[in-house]
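Worksheet: one structure, shown below.
Chain letters run A, B, ... following the sequence lines, proteins first and then strands; every chain starts at 1. In this text, all values refer to a predicted model and were calculated from it rather than measured experimentally.
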There are 2 protein chains.
Amino acid sequence: MDLNKVDLSKVSTPALVLDLNKVEANTARLHAHLASLNTPLRPHLKTCKSDKVADIMLSGQPGGATVSTLAEAEYFFSHGITDLIYAIAIAPGKLDNIVELMERGADMKLLLDSLETAKIVAREGEARNCVFKVLVEVDTDGHRAGLKPDDDVLIEIGALLTASKGTQLCGVLTHAGSSYGCQDTDAIADMAEQERSRIVRAAENLRAAGLTCEMVSLGSTPTAHFGRSLDGVTEVRAGVFVFQDLFQVSLGVCGYDDMALAVLAEIIGRDPETGRVFIDAGALALSKDRSTEKGHEDLGYGLVTPLGVAPSQGSAIVKQVFQEHGVVSARTENADMSQYKIGDRVLVWPNHACMTAAAHGFYHVMRGTESVGIWERVNGWKL
Amino acid sequence: MDLNKVDLSKVSTPALVLDLNKVEANTARLHAHLASLNTPLRPHLKTCKSDKVADIMLSGQPGGATVSTLAEAEYFFSHGITDLIYAIAIAPGKLDNIVELMERGADMKLLLDSLETAKIVAREGEARNCVFKVLVEVDTDGHRAGLKPDDDVLIEIGALLTASKGTQLCGVLTHAGSSYGCQDTDAIADMAEQERSRIVRAAENLRAAGLTCEMVSLGSTPTAHFGRSLDGVTEVRAGVFVFQDLFQVSLGVCGYDDMALAVLAEIIGRDPETGRVFIDAGALALSKDRSTEKGHEDLGYGLVTPLGVAPSQGSAIVKQVFQEHGVVSARTENADMSQYKIGDRVLVWPNHACMTAAAHGFYHVMRGTESVGIWERVNGWKL
């Protein structure tokens, strides 16, 4: 296949298709918003898992990034990104790999939220004669993990990390994942302010205890777009914004036609009685993510459009998935399903870009309808 | 890493772990059952996606296999498996790749269930001066795709495929996916008989119309184990039986301790207030499959056991997943969550082995607690 002449009518299906114009526009929008609040972006690369997309996200920013796996850390480090937060509470079993990355020159920052882990990391740093840089995870919304901003354990951990020769306290980090449950953008803006004020309070609590807290890192794609102030915050993390998806549309973060990522599929069957159409993209190619299930409109496993039709005009959805089959039905009663013929190509716009992209090893990158080439992804985990 | 000395306390997490003793026992059980009904197995390789697992499944069988992607077809063909059914209704856009495989010596059999596709395949075969071998998909349970056994279109398609120089009618194929909705093994046995009798009727209808119908292929993991007769059937297809999973347990197909596949994860955090435990395996490493949701017991995103504890003794489940986090809770009220310490390793037994395995590039293969090595998987799709 000539990498520079990808014709979507010829690409093997299912395949991941990325519109670079949308990627750039989504990135420019967030960069501009954060610039207006005088705060840089540390992009989360768990969505794109691609060095070329990362380059776009990092353009004009300080250069630090966020990763969710050590496979991503190694890949992006090998592509020249040295300042990396591994933003999952560190598993003690991963410290060997972290040290290896540090020895090769990576500026790794680890995350933890318990005294138990802090003690292990400090002890391991001392034993290995190295200094692990650490951020303490703060819970600003009761969403997942982290310590409450006023929890005394936060100070205990900060003191321990400061006192140990094996660790360095770099700051605090939070992710307001509850923003994914907000009903509108006003609610997201309120959540952003809660995220900001609480992470800043955590930082102030550490400082009041005589500890340094240089980094104050927060972010989620919804809050990153709608925060009204970032006072006291040193960086914002977000990742899925670069592609957007149906879940972000349902939250009001973006419009349908801002979505940059879709799965190309071919129609392989039709059921004339029910109007259902079968495609060769199923549970693996689309993922079983059902993020829109509880939103304004349940879009099944994705919104379906013929090639050349904007997602805002999408009139069909993937209603059911099997491993390699998708079953497409009309989105609304009067939608015309007879337009879909066997052998036609369609695009499926995903609920959740991170989940859908992860099954695919490559992007077919387009600029509008012109092919740019094939870009790789770093999926999975270290062997 | 020394491939022959995999220590589960050292393996990078998350990772896929496979117990070869269970793989062999699961395979021997199905082989024995089918032998008692004088019918061979054509294993479906979409679950294992591994040549070494395929060798076990094919042991003592005729050698034909079933695949769900062209990536699998190419991989298994390159490993010496030549007789392949690509068991998804053929997308016209895939015929180039099929021809390429045929020219290299693969005995490819295609599937279709519409006159529309039959005409395309016949025309393409004639235009390319080749003969596409075709099975017609029959719907024996209203589950997904296929023609009803008594549908006149079945005969029309059979006649068209027989008359065309570009196609050869090989037979009929069905998959009673509705067996996944059965409440007990008696119901599965009844479904198996329905699957058998209806696919045999479809074959007889073709023969009564003067057409040949050599292959009569059926199968699903539940029906494959509980059919009482396979009279008139030439082969059985099944795939997930080789690993089994929580969904098969919930259907009564196997017991908990027959499961061969699990995800190794490490504990990265604890919430002392709620007893919840965080692991480094989330939505990607486990998949978002929720097959047990509507069964006897909702096991969340998987059953959790400490290393060395049999799944039948599992007292915790993954209740919630994020991209790289899993949140583990007690399965029953009196379960002791304090046993889980940060840095401990656990196994997560999946709802649906096909979906969970697909995110992982490799198996860490064990025989009980002894390491056998690392086996690759062929994930994703052709570029």
Side-chain angles (χ1 to χ4, degrees), chain A residues 1 9-15 46 68-70 88-94 97 112-114 116-117 120 137 144-145 177 265-271 278-280 283-285 287-290 320 322-325 327 341-343 345 354-355 358-362 374 379-383, chain B residues 1 9-15 46 68-70 88-94 97 112-114 116-117 120 137 144-145 177 265-271 278-280 283-285 287-290 320 322-325 327 341-343 345 354-355 358-362 374 379-383:
Chain A
M1 177 182 298
S9 71
K10 298 273 170 61
V11 167
S12 290
T13 51
K46 78 187 177 81
S68 70
T69 67
L70 294 186
I88 312 286
I90 188 69
K94 292 195 168 77
N97 290 138
L112 57 80
D113 67 352
S114 72
E116 206 173 338
T117 305
I120 294 170
E137 185 168 9
R144 187 165 68 195
E266 185 163 319
I267 294 174
I268 59 171
R270 298 174 60 201
D271 181 347
F278 295 85
I279 57 174
D280 63 355
L284 289 184
S287 97
K288 283 202 162 179
D289 190 280
R290 294 280 289 109
Q320 205 182 3
F322 304 95
Q323 185 161 341
E324 296 290 344
H325 292 83
V327 185
K341 310 287 187 208
I342 288 174
R345 296 291 174 96
C354 312
M355 292 298 298
H360 299 262
F362 301 89
I374 290 174
N379 290 330
W381 303 273
K382 264 188 75 68
L383 184 58
Chain B
M1 176 181 299
S9 71
K10 298 273 170 61
V11 167
S12 290
T13 51
K46 78 187 177 80
S68 70
T69 68
L70 294 185
I88 313 286
I90 188 69
K94 291 194 168 78
N97 290 138
L112 57 81
D113 67 353
S114 72
E116 206 172 338
T117 305
I120 295 170
E137 186 168 9
R144 187 164 67 195
E266 186 163 318
I267 294 174
I268 59 171
R270 297 173 61 201
D271 181 347
F278 295 85
I279 57 175
D280 62 355
L284 288 184
S287 98
K288 284 203 162 179
D289 190 280
R290 294 280 288 109
Q320 206 182 2
F322 304 95
Q323 185 161 340
E324 296 290 344
H325 292 82
V327 185
K341 310 287 187 209
I342 288 174
R345 296 291 174 96
C354 312
M355 292 297 299
H360 299 262
F362 301 89
I374 290 175
N379 290 330
W381 303 273
K382 264 188 75 67
L383 184 58

When only pairs under 4.5 Å are counted, which of [options] shares the most heavy-atom pairs with chain B?
options                                : value
A/Asp280, A/Leu70, A/Asp271            : A/Asp280
A/Arg290, A/Lys94, A/Glu116, A/Lys382  : A/Glu116
A/Glu137, A/Arg144, A/Lys341, A/Arg345 : A/Arg144

What distance do [X] atom [atom1] and [Y] atom [atom2] have between them, rounded to the nearest 0.5 Å?
X        : Y        : atom1 : atom2 : result
B/Asn97  : A/Ser12  : CG    : OG    : 4.5 Å
A/Met355 : B/Gln323 : CE    : CD    : 7.0 Å
B/Leu284 : B/His360 : CG    : NE2   : 9.0 Å

Between [X] and chain A, which part of the residue has a heavy atom less than 4.5 Å away: side chain, backbone, both or neither?
X        : answer
B/Asp289 : both
B/Ser114 : side chain
B/Ala15  : neither

Next on the checklist: Going by the rule side chain to side chain contact (heavy atoms under 4.5 Å, CB included), which residues pair with B/Ala89 if we only count those two or more places apart in sequence or in a different chain?
Outcome noted: A/Ile268

Heavy-atom distances under 4.5 Å only: say whether [X] touches chain B with side chain, backbone, both or neither.
X        : answer
A/Ala285 : both
A/Ile267 : backbone
A/Ser9   : neither
A/Ile90  : backbone
A/Arg270 : side chain

Item to check | Worked check of side-chain contact (heavy atoms from CB on, under 4.5 Å) between A/Phe322 and A/Val327 | outcome: CA-CA 8 Å; A/Phe322 304 95; A/Val327 185; 3.9 Å; yes

Between [options], the one whose heavy-atom pairs under 4.5 Å with chain A are most numerous:
options                      : result
B/Gly177, B/Ala283, B/Gly380 : B/Ala283
B/Ser287, B/Gly269, B/Gly93  : B/Gly93
B/Leu112, B/Ile279, B/Thr117 : B/Thr117

Next on the checklist: Quick check: do A/Ile88 and B/His325 have side-chain heavy atoms less than 4.5 Å from each other?
Outcome noted: yes

Checklist entry - Should A/Ile342 and B/Pro92 count as side-chain neighbours, where that means a heavy-atom distance under 4.5 Å? => result yes

Next on the checklist: Please check: side-chain N/O of A/Asp113 versus main-chain N/O of A/Ala145, any donor-acceptor pairing under 3.5 Å?
Outcome noted: no

Checklist outcome for this item: Contacts of B/Glu324 meeting side-chain hydrogen bond (donor to acceptor under 3.5 Å, both in side chains) (sequence neighbours excluded), chain-then-number -> A/Trp381

